[in-house]
Protein chains: 2
Amino acid sequence: MVSATKSFAPETAAPDAAEPTARQAAVLDAVLALMQESGGQLTMTAVARRASCSKETLYKWFGDRDGLLTATVQWQASRVRAGRYDRQKLDASSLRDSLRGFAANWLSVISSPTSIALNRLAISHAASKQSNLGQIVLDNGRFAIGNRLKPVLEEGRAAGLLQFDDTEAAFRTFFGLAGRDVQIRLLLGDTLTLEKSEIARDAAAATDQFLALYGRTEPKPAAA
Amino acid sequence: MVSATKSFAPETAAPDAAEPTARQAAVLDAVLALMQESGGQLTMTAVARRASCSKETLYKWFGDRDGLLTATVQWQASRVRAGRYDRQKLDASSLRDSLRGFAANWLSVISSPTSIALNRLAISHAASKQSNLGQIVLDNGRFAIGNRLKPVLEEGRAAGLLQFDDTEAAFRTFFGLAGRDVQIRLLLGDTLTLEKSEIARDAAAATDQFLALYGRTEPKPAAA
DNA sequence: ACCGAACCGTAACGTACGGTACGGCTTCCT
DNA sequence: AGGAAGCCGTACCGTACGTTACGGTTCGGT
């Protein structure tokens, strides 16, 4: 898929790679496990040994090392697609719940070892400009959550609960209020543990701040 | 200061290596230049060629590759120490100017090619847990600006202009409002150009939002 | 003028790792 | 049963790169 390897079948219908088989998925999980182990050396030999498969098979399935990493990133991305927010009635309370859910979900994603390892990998590759791992990670992280949250914001505006001109700007503010310095600190190796309760509290605080800035009706800030 | 990171206070004397000589500084500048070139392969041979010095000298001066990179990061960090904010009278207007200055400075730092390259390098090393480049970058980036801004916030509170309980939490909010998604997007290779005017505008917007959340007296938003 | 230190340029060495080849085993099809 | 295909384990190859070694040149001190 990646470089100019022999152009045989797999890329006909699917935009990229077809769904991996169960065995292939096991290999990709091995890659994910390997890259989360501190100082984990992500060599083809290590992957083959960890997945109990031969290197020959790795190259047959994924082309080259870059193809394997790309497939791994996409594999992980495909399982993050969850948390559909069905448009409910959307009053002030449900909007607040939705925002809190988004913030909490985002915080737990970026603080997960998998996300940290994946982002570090993609950033390393972005430095050498090889491959487009960075774009894939961005598309399935920052931009994916943006595309899922912005409709909620616009519905909130349509319902008279929010007030803003630029949806993108409003989303970026929410993004900043929720994420703050968490991601960069974790990527740089700062030991920063986010308990579930802490995530919930931070998500609620970020939501309150966002509503204070963009809410039309004051959300009763004194209430706990 | 927040978590249990060993962030010892801003050392006055050189904590590690002594000041590099002019020739050594030239070598370190060569490293910096090299790591900013897209796809720049940061090999010892490339550094030696770029700096017109022998590899033997590199090893004599810096020990090994890691020592060279560490010295480079510290070298760059040592020149970012600028922008002292002398405590002026601190009325509402000067506080706002200070905050805008901090936000604009931070945005221009994180969007500079040098910062991007340095952070990518440190993040790559944090993945392999080797060395403490991540901690150095963190201490001279996120924590340094925190230590410089927090006194301003507390002075603002003492002057009755701001209202908050937790200085650290207030700073992190400001950090998030100013940085938003800029750093992670740049690190992942997103093409995101920040013009000087755009930085000034974003910094002003972040400051307004921060004051809306933490300001005690409404800063007269209608006035230009 | 002489000596030694510092340094440059380059060659050489060792290893790690991406990629390939091959023998043997299992499975499935006919 | 027999053959073919897929795959595992391992040995192997070529290259890139960190690190070391060495000859040649410059320069300050005596």
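Convention: sequence-line order gives letters A, B, ...; per-chain numbering from 1. Computed from a prediction, not measured in an experiment: that's the story for all the values here. The figures here come from the full heavy-atom set of this structure, side chains too, leaving out hydrogens, waters and symmetry mates.
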Taking only residues two or more places apart in sequence, or in another chain, which ones meet [X] in a side-chain hydrogen bond (donor to acceptor under 3.5 Å, both in side chains)?
X       : answer
S108(B) : none
Q183(B) : none
Y59(A)  : none

Taking any atom under 4.0 angstrom from a heavy atom of chain A, which nucleotides of DNA chain C are the first and last to qualify, 5' to 3'? dC17(C) to dC22(C)
Students often get this wrong, so: under 4.0 angstrom with heavy atoms, is R23(A) touching a base, only sugar-phosphate, or nothing? sugar-phosphate
Please check if any side-chain donor atom of T114(A) sits under 3.5 Å from a side-chain acceptor atom of Q36(A), or the reverse. yes
Rounded off to whole Å, could you give me the NZ-to-P distance for the K60(A) and dC8(D) pair? 11 Å
Readout for nucleotides 17-22 of chain D: B = base within 4.0 Å of protein heavy atom, S = sugar-phosphate only, - = neither; 5' to 3' it is SSBB-B
Answer yes or no: are there more than 12 heavy-atom neighbours, outside D166(B) itself, under 6.0 Å from its atom CG? yes
What closest approach, in Å, do L192(B) and R185(B) show between heavy atoms, and which atom pair accounts for it? CD1-NH2, 4.0 Å
Donor-acceptor pair, R50(A) side chain versus L34(A) backbone, under 3.5 Å? no
Is the shortest side-chain N/O distance from W61(A) to OP1 or OP2 of dC7(D) below 4.0 Å? yes
According to ring-ring contact (aromatic ring centres under 6.0 Å, His included), does anything in residues 103-132 of chain A pair up with another residue at least two apart or in another chain? List the pairs. W106(A)-F175(A)
